[in-house]
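These numbers were taken from a predicted model, which means no experiment stands behind them.
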Protein chains: 2
Amino acid sequence: MLESATPKPSLSEGAYSEIRQALVRGDFEPGQRLSEPELALRFSTSRSPIREALVRLSHEGFVERLPSGRVRVRALDILELEQLYVVRASVEGLAARLAAPRLRTIDLEQMEKAQEEMERCVRKNDAVGAIAAGQEFHDLLLRECGNQPLIEVLSGLRARISRFRAVVASLGDYDPERAIEHRRILKALYQRKAEQAETEMIRHVNRSAAVLMGKLRKRG
Amino acid sequence: MLESATPKPSLSEGAYSEIRQALVRGDFEPGQRLSEPELALRFSTSRSPIREALVRLSHEGFVERLPSGRVRVRALDILELEQLYVVRASVEGLAARLAAPRLRTIDLEQMEKAQEEMERCVRKNDAVGAIAAGQEFHDLLLRECGNQPLIEVLSGLRARISRFRAVVASLGDYDPERAIEHRRILKALYQRKAEQAETEMIRHVNRSAAVLMGKLRKRG
DNA sequence: AAATTATTATCTGTCGACAGATTAGGTCAA
DNA sequence: TTGACCTAATCTGTCGACAGATAATAATTT
C-alpha cells in the first residue's frame, strides 16, 4: 500500500497482490489449502506466476508450506498477533521518533487532514471511514521516517496484522479513544518532540492491540 | 543461521542458501548482474530453482531487480547500513528486553560460555574467533526472546548487515570494547534487569555500527 | 576515430510436461 | 460400522521451450 508505481505489471506481481488482498480480506479460510493449479486457473495463468506469488507470501507469513510442499493459509493465532504487536509497537514508535524532526509542513498538513477526517468519521459513527483515515495517518508518518528498511519491516508487520483485523471488521465498533491518541501523537510531532511522539505511538499501538485482541477473544 | 532442521533439501532451498552465502561472503561484486542461466549452470539445475532463490533474495534486500527484470547484486550503500543499524538497535534491544525474564539457566550458561570464548579470543587477538563467538552470543539471546516475528525481522537485518561486515573482515582488528559491552548485557540478564539489558544492547549495537561504518569509510 | 545504426546473442517471463510423492476415495475384511 | 489396504486422482518440484524484450556487438556513416 505504500509502494509506488508499477514499472511492469507482470502476472506474478498481479497474482501476488490479488492473492494477498484476498488473504487480508479473509476470502480464504485459515487452514485452507491453496493448490497451485487451482489458483492458476482462477487467475488464468500457468503455475509459474502463482508459484512465485506463493513463495513470497510464505516468506511474508501469510501462508505456510506443509512438509509435503503444499501451501495452506496460516492460522490466525492470537498469540502470534500479540507477538506481532509487540514488535510493531517498538518499530512504529521508532518510526515516529525518526519522522518527528523530518516532517515537512506539507506532511503535517496531510496528517492533520487525515486526523480531522478520522475525527469526523468518529463523530458520524463511521467505523470503516475512521479505520481508513487512521491507516492513512500511520502511512503518512511511516513514509516520512526516512528509513527504508524500517518502512519494509513495518509494512510487513502491518499487513500481517490486518488479516486479524479483517476478522472483526464486521463488528464495526471503532473506539473513539484511538482518535484521541492520534491527536496526542500529532501534537508531539507538531512540537518536534521526538521522544514523546515515540512514547505516545507505542502507547497507542499497545492499546489498539489490546482492543483488537479483546474483540478476537470474544468472537474468534 | 538460526533456523533449524531441513525437512526437504530442495534445489531451490539449496540454491538460495548457497547464493545467499556467496553474497554475504562478498563472492559477488556489488552491482554485478546475476543471470539465471549462468547460475543454473553453476548449480547444475534448471532456471526454476534459481528463480525462486532470486525472488527470495530480492525481497530480502540482497539483490535488486532492474526495470528490465534482470537481477543485480545490491550496492553496499553506507547510508543503507546506517539505516539498517538504526532499526537493528531498536529491535535487538527489544529482543534483549523480552529475553531477560525468559532465559533459563541453561541459556545463560551457554551465553556465558560464548562470552568466555569471546574474551579468550580477544586476549589471543583472534578477531575471527571473537566475531564468531560474538554472533553466537547474539544468536542465543535472540533464540530465547520468544517472539517469532521478532526473530525473523532481526535475522533479516543481521544478514543484510553481514554483507557490509564481510567487506572489512580482512582488516581483522576486532575492538575488545565489544566484549566488555557483551559482558554488561550478560550481567543485566543475569540480574533479570530487562530494561537495562535493553539499554545496554542498544548502546552496544550503536557502537558496533559506529565502528563498522568508520572502517568502511576509511577503506570502502 | 567517434557516433549511429543494424545485427546478433542473451535474458526474462511464462508456459506446458513429467516423475515422484501425497492425498483422497473406494474396497474389502472384521 | 469401523478400519486396513489398495487404487486413482492431485499436487509439487523441476525441467526444457518459446516469444518478446534487452543488451552486446558489428557494420556503417560522418
Side-chain donor-acceptor pairs under 3.5 Å in residues 43-51 of chain A, sequence neighbours left out?
residue  : atom : partner  : partner atom : Å
Ser46(A) : OG   : Ser48(A) : N            : 3.3
Arg47(A) : NE   : Glu36(A) : OE1          : 3.0
Arg47(A) : NH2  : Glu36(A) : OE1          : 2.9
Arg51(A) : NH1  : Glu52(B) : OE2          : 2.7

**Message:** If the condition is side chain to side chain donor-acceptor pair (under 3.5 Å), which residues does Arg70(B) pass it with, not counting sequence neighbours?
**Reply:** none
**Request:** Starting at atom CZ of Arg72(A), determine the distance to atom C1' of dC11(D), rounded to an integer number of angstrom.
**Result:** 16 Å
**Asked** Within this structure, what is the CG-to-P distance between Leu66(B) and dA24(D), rounded to whole angstrom?
**Response** 11 Å
What side-chain donor-acceptor pairs closer than 3.5 Å can you find for residues 83-99 of chain A, not counting sequence neighbours?
residue  : atom : partner   : partner atom : Å
Gln83(A) : OE1  : Gln148(B) : N            : 3.2
Gln83(A) : NE2  : Gly146(B) : O            : 2.6
Arg88(A) : NE   : Glu92(A)  : OE1          : 2.7
Arg88(A) : NH2  : Glu92(A)  : OE1          : 3.1
Glu92(A) : OE2  : His138(A) : ND1          : 2.5
Arg97(A) : NE   : Glu198(A) : OE1          : 2.5
Arg97(A) : NE   : Glu198(A) : OE2          : 3.4
Arg97(A) : NH2  : Glu198(A) : OE2          : 3.3

**Item:** Which residues share a salt bridge (charged side-chain N to carboxylate O under 4.0 Å, His left out) with Glu60(B), sequence neighbours left out
**Value:** Arg20(B), Arg56(B)
**Request:** Only counting residues at least two apart or in another chain, list the ones meeting salt bridge (charged side-chain N to carboxylate O under 4.0 Å, His left out) with Glu80(B).
**Result:** Arg74(B), Arg160(B)
**Annotated protein contacts, base or backbone, on nucleotides 11-17 of chain C with a non-hydrogen cut-off under 4.0 Å, one of B, S, - each** = SBBBB-B
**Complete:** Taken to the nearest whole Å, CZ/Arg33(B) to C1'/dT10(C) is 12 Å
